[in-house]
Amino acid sequence: MTVSQRRQKAVNLLSDLELDVLILCNAENVRYLCGFSGSSGVLLVTPDQLVFLTDSRYTTQSNEEVSADCVIEYKIQADGVADQLLSLGVSRIGFESDLAFGVVKGFQAKGDPNWLWLHLKDELHTLRLYKTADEISLLASAADMNVAGLSEIEEMIRPGVRENEIALELEFALRKLGAEEKAFDIIVASGLRGALPHGIASDKLLAEGELVTIDFGCRLAGYHSDETVTLAIGEINNELRKIFDTVLAAHDQALAAVAPGIALIELDRIARDHIKSCGYGDYFGHGLGHGVGMEVHEAPTLSPRSKAVAEEGMVFTIEPGIYVPGVGGVRIEDMVLVTADSQKTLTKIPKMFRNILLN
Ligand code: ZN
Ligand code: ZN
């Protein structure tokens, strides 16, 4: 998708919301619309102008990266933005909900008291909801790095190794493969720690007879991967195996149901019903998945409260889990693209049961 097509999406949003201008500060939205990859910039979008503002620290970078009608350098952000709003002659202004209250107050104090300010939240989610071919190929490449990264460190997943050594080596492998950054703090949760859905790697040693859950991903040219594998370290007991098989079946069933037109709440229900039917309903406490793109967690959300429907171009995760305190846990996660008639799984690490000491 070209910059002008992305810009058109934002312009359509302006007319849908009956606004004159959008003030964007969210780094991902700014990068999406004008290419700036730095952390401090403001983008003003009107039906016929894209105005990028930043301070002198980013002048060189913005000259190299930014595609906009004009680039303005400010000394004080509130002054720079208010001056531009005045010169654009706008009066109905939409701004992002993650803009700090004090920042918005600053813009308002410098502007015209008659301007109307609209606080935007879910409205902006649609901007990056449908991925285009170039975005999908970056997401797929980031997912391919997961395959290579994990295989690079797989031999060290053995009894006696610390969880955080695995996390560190995995991050290092992903960076060496060309990732810009890990997508989030890598989760390595083994044995009883597997019951912590977000168990950041600790200094616990892996032990034979345990499951280990590794939830990881990376960022490539601004786009993320997110994937979870659960591996057995040697022989595991029957209960852990039953938990694994239950999560895998829930994952497979939900994944197979992904297609344009299915309600996201229904995908969540498919996985949740299977887990309930196996007696673990109380141990799946989070939603089934989330969108992935320039942010590792973005719209849409798959949960018992989802309202949206799967549509072509959406990319989201399917990640059921069971977490039983005192026993352990399993999560299995893939990233899936909704295609014109079904789905394509972007993450490629096989998710079947594996005893890492045997194969
Ligand atoms: Zn994950
Ligand atoms: Zn996830």
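Every number for a ligand or one of its atoms is a count from 1 in the order of the listing. Here, residue 1 is the first one in the sequence, and each next residue gets the next number.
- Closest to the Zn ion (ligand 1) among the N, O or S atoms of Asp215 is OD1.
- For the 3.5 Å distance criterion, the side chains of Thr347 and Asp334 qualify, holding a donor opposite an acceptor.
- Remark: the Asn146 side chain and the Glu227 side chain contain an N/O donor-acceptor pair separated by less than 3.5 Å.
- The atom of Glu333 nearest to the Zn ion (ligand 2) is OE2, with the search restricted to N, O or S atoms.
- Checking His290 against the Zn ion (ligand 2), an N/O/S atom falls under the 2.8 Å cut-off.
- Donor-acceptor pairing under 3.5 Å is recorded for the side chains of Tyr74 and Gln77.
- The Zn ion (ligand 2) lies closest to atom OE2 when only the N/O/S atoms of Glu319 are considered.
- No other N/O/S atom of Asp226 lies as close to the Zn ion (ligand 2) as OD2 does.
- Side-chain polar atoms of Thr46 and Gln49 form no donor-acceptor pair below 3.5 angstrom.
- With hydrogens and angles disregarded, no donor-acceptor distance shorter than 3.5 Å links the side chain of Asp215 to the backbone of Thr228.
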